[in-house]
Amino acid sequence: MKQIRTITLYGGQGLKAEISNYGAKLLSLIVPNRQGEKKDIVLGFKTIEEWQQKETYFNAIIGRYANRIKNGRFSIDGKSYQLPVNNGTNALHGGVSGFNEKIWDIVGQTRHSVSLHYRALDGEENYPGNLDVYVTYMLTKDNALSISFEAKTDQPTIVGFTNHAYFNLAGENSGSVKDHILQVFADQYTPFDDTACPTGEILPVDHTPMDFRQPTRVGDRIDDPFFAPGRGIDNNWVLRKSNQSKKEPELAAVVEADGRAMQVWTTMPGLQVYTGNWIEQNEGKSGTTYDVQHAICLEAQNFPDSPNHANFPNAILRPGEVYYEKTSYKFV
């Protein structure tokens, strides 16, 4: 049995992070605001046992494929695969036991960074191919938490990773995120059907509640009938991309609250914004009870159900190829 460990990372401008090799989870992220007041801005729990028993996706690396796959089905080169369905009729976040529940190997560590490795075996959750995944967390000199993803396979397979951090920039024990100000640099989005899977269309955000191109108070939109009234936002934006050939991170979103502004920079094509719509009422790390809309997730990722839509970004990784993506949460 692999040992579960916690690694502490230190940044140069007051940032501090704790990473567990259980689920490659971000256990805490301490960030000072403009007045120098430090707070932990990700939801979580006191003990590893609680992390294992409560909110399984909190702050974890998600894989082998993040978000939903319609009916749990996809095909590669004419061969069909059936995944376990664990979200209504759909497969969600890698299946019944995804990367978020695995104990990763620690393969590199400094004061500022940690690299983790997980090998997903051929047939795990019915995905094809032995897949080697490497994730590196780093606190950078420009005041960011950087997360890079790399993967290789020995058979054609589908891949799509994300980090599922549950942020509350006012502090993890601060309740609702309705006063957060959100801006998303996207002109289009992927509408979904009644199972929350994309229809395959790509539509403009103009004149819809999806238009966050200007800074917008989350509370002004979160209960709009367009979303899930009383629950919140759980939608994918099509990010603007200007230098796709260079594979450099671009600015995807900015969120601000309590004197902290966080920019999301990513190479990923999509951004799923999720406002903790299904958070269970669990006691968090500082004794506060978490509830619906107490967090905002900014999940840079491939589009949901991308393997089943030819007009969506490629999700197939083949032998000899290297999957590489990077997302940074930069504090300004």
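- Using modelled atom types, no side-chain atom of Trp237 and backbone atom of Phe185 make a donor-acceptor pair closer than 3.5 Å.
- Under the 6.0 Å cut-off for aromatic ring centres, Tyr65 and Tyr127 do not qualify, their centroids lying 6.0 Å or more apart.
- Contact record, Thr266 with Ala252: CG2-CB, 4.0 Å, taken as the closest heavy-atom pair.
- When every heavy atom of Ala144 is checked against every heavy atom of Ser328, the shortest pair comes out as CB-CB, 4.5 Å.
- Residues Gln52 and Ile4 are in side-chain contact: their nearest non-hydrogen atoms beyond the backbone lie under 4.5 Å apart.
- Follow the hydrophobic side-chain contacts under 4.5 Å out from Ile62 and you never reach Phe161; the two are in separate clusters.
- Between the CG atom of Leu145 and the CD1 atom of Ile147 there is a distance of 4.5 Å, given to the nearest 0.5 Å.
- Hydrophobic clustering (ILVMFWY, side-chain heavy atoms < 4.5 Å, transitive): Phe149 and Leu239 are in one cluster.
- The closest donor-acceptor contact from the side chain of Glu250 to the backbone of Ser242 lies under 3.5 Å.
- Side-chain contact annotation: Thr289 with Gln281, donor-acceptor N/O pair under 3.5 Å absent.
- Side chains of Glu325 and Asn302: no donor on one and acceptor on the other come within 3.5 Å.
- For the residue pair Thr190/Asn236, the side-chain donor-acceptor check at 3.5 Å is satisfied.
- With hydrophobic clusters built from ILVMFWY side chains whose heavy atoms lie under 4.5 angstrom apart, Tyr137 shares a cluster with Ile7.
- Under a 3.5 Å cut-off, the side chain of Glu280 and the backbone N or O of Glu55 do not form any donor-acceptor pair.
- Side-chain atoms of Asn67 never come within 3.5 Å of backbone atoms of Asp305 as a donor-acceptor pair (strictly under, hydrogens ignored).
- Distance alone, capped at 3.5 Å, places no donor-acceptor pair between the Glu283 side chain and the Thr288 backbone.
- Between Phe167 and Tyr329, the ring planes lie tilted relative to each other; the angle falls in the 30° to 60° range.
- Judged by distance alone, with hydrogens and angles left aside, the side-chain atoms of Thr157 form a donor-acceptor pair with the main-chain N or O of Pro128 at under 3.5 Å.
- Between the side chain of Tyr22 and the backbone N or O of Lys25, no donor-acceptor pair lies under 3.5 Å.
- The line from NZ of Lys16 to CG of Leu139 is 11.0 Å long, rounded to the nearest 0.5 Å.
- Counting non-hydrogen atoms of other residues, nucleotides and ligands closer than 6.0 Å to NZ of Lys326 gives a total of 12 or fewer.
- In this structure, the side chain of Asn90 engages the main chain of Thr195 through a donor-acceptor pair within 3.5 Å.
- Side-chain polar atoms of Lys102 and Ser97 form a donor-acceptor pair below 3.5 angstrom.
- Nearest heavy-atom pair across Lys2 and Ile103 is NZ-O, 3.4 Å.
- In terms of heavy atoms, Asn86 sits closest to Gly95 at ND2-O, 3.0 Å.
- Taking CG from Asn282 and CD from Gln53, the interatomic distance works out to 10.0 Å, rounded to the nearest 0.5 Å.
- Each of Asn235, Thr275, Ile222 was evaluated against Phe227; a single residue qualifies, Asn235, per the side-chain contact (heavy atoms from CB on, under 4.5 Å) test.
- By the neighbour-count criterion of 12 heavy atoms within 6.0 Å, atom NZ of Lys54 is densely surrounded, having more than that number from other residues, nucleotides or ligands.
- For NZ of Lys38, the number of neighbouring non-hydrogen atoms (other residues, nucleotides, ligands) closer than 6.0 Å is 12 at most.
- Residue Leu26 is grouped with residue Tyr118 when hydrophobic side chains (ILVMFWY) are merged at heavy-atom distances under 4.5 angstrom, including chains of intermediate members.
- Between Tyr274 and Tyr166, the angle of the ring planes goes over 60°, which puts this pair in the perpendicular group of the 30/60° scheme.
- Closest heavy-atom contact between Val96 and Glu125: N-OE1, 2.9 Å.
- Using a distance-only test at 3.5 Å, with no hydrogens or angles considered, no donor-acceptor pair links the side chain of Thr267 to the main chain of Lys247.
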Would you check, one step at a time, whether the test salt bridge (charged side-chain N to carboxylate O under 4.0 Å, His left out) holds for Asp234 with Arg68?
-> CA-CA 12 Å; Asp234 189 11; Arg68 293 170 179 85; 3.6 Å; yes
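- The SG atom of Cys297 sits 11.5 Å away from atom CD1 of Ile233, with the distance rounded to the nearest 0.5 Å.
- For Ile296 against Val218, the heavy-atom pair with the smallest separation is CD1-CG2, 4.3 Å.
- The closest donor-acceptor contact from the side chain of Trp104 to the backbone of Phe99 lies under 3.5 Å.
- Taking the six-membered ring for Trp and the full ring otherwise, the centers of His309 and Phe303 sit at least 6.0 Å from each other.
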Just do the salt bridge (charged side-chain N to carboxylate O under 4.0 Å, His left out) check on Asp211 and Arg221 with the steps written out, would you?
-> CA-CA 10 Å; Asp211 190 352; Arg221 299 279 180 83; over 6 Å; no
Begin with the C-alpha distance, continue with both residues' side-chain angles, and end with the deciding distance and a verdict on salt bridge (charged side-chain N to carboxylate O under 4.0 Å, His left out) for Asp105 and Arg119.
-> CA-CA 9 Å; Asp105 297 310; Arg119 180 165 236 234; over 6 Å; no
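- Looking at Tyr290 and Glu172, their side chains do bring a donor and an acceptor atom within 3.5 Å of each other.
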